[in-house]
Amino acid sequence: MALDIVTKRDGDLLTATEFNAVVQAIKDNERSVDTLGTNYTNMGKTVEGVQKAQNLQGQDIKTLNANMVKMVSLTQEAYDALVTAGTVDADTYYNILEE
């Protein structure tokens, strides 16, 4: 039952039905607050899960970067020039293009 509080004035008495409706509204509000608390807790767990996943992804990226192979494509002539200059990098994969 909906309360018609607008028609009540200070000092007016509530009927048993009106009083029960007030009590029920309080209980309903309490359940709503409990639900919000549960939702907040669940949201926190979700955020923690996302943060853990992001940390793992960050670690994966660092691992990939550490194991990354540098590759350069160039002609045989350009490669020979690097060798002659002594600037060939041992950690770089040189892909010699056909001319």
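Computed from heavy atoms alone, side chains included, the values below leave out hydrogens, waters and symmetry copies. Since this is a predicted model, take the numbers as computed values, not measurements.
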Let me check something: any side-chain donor-acceptor pairs from residues 79-89 under 3.5 Å, sequence neighbours excluded? List them with distances.
{"residue": "Asp80", "atom": "OD1", "partner": "Gln76", "partner atom": "NE2", "Å": "2.9"}
{"residue": "Thr84", "atom": "OG1", "partner": "Asp80", "partner atom": "O", "Å": "2.9"}
{"residue": "Thr87", "atom": "OG1", "partner": "Leu82", "partner atom": "O", "Å": "3.4"}
{"residue": "Asp89", "atom": "OD1", "partner": "Asp91", "partner atom": "N", "Å": "3.2"}
{"residue": "Asp89", "atom": "OD2", "partner": "Thr92", "partner atom": "OG1", "Å": "2.8"}

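Of the inter-residue distances, the one linking Ile96 atom CD1 with Leu74 atom CG reads 4.5 Å to the nearest 0.5 angstrom. Expressed to the nearest 0.5 Å, how far CD of Gln24 lies from OG1 of Thr17 amounts to 13.0 Å. With values rounded to the nearest 0.5 angstrom, Asn95 atom CG is found 11.5 Å from Thr75 atom OG1.
Within the structure, the salt bridge (charged side-chain N to carboxylate O under 4.0 Å, His left out) test picks out the following pairs touching residues 29-51 (sequence neighbours left out): Asp28-Arg31. Listed by first and then second residue, the ring-ring contact (aromatic ring centres under 6.0 Å, His included) pairs involving residues 24-69 amount to none (not counting sequence neighbours).
Of the possible polar contacts, one joining the Asn20 side chain to the Ala16 backbone as a donor-acceptor pair under 3.5 Å is found.
Leu64 shares a hydrophobic cluster with no other residue; no ILVMFWY side chain has heavy atoms under 4.5 Å from its own. Under the 4.5 angstrom side-chain criterion for Ile, Leu, Val, Met, Phe, Trp and Tyr, the cluster partners of Val69 are Met71, Tyr93. Under the 4.5 angstrom side-chain criterion for Ile, Leu, Val, Met, Phe, Trp and Tyr, Ile61 has no cluster partners at all.
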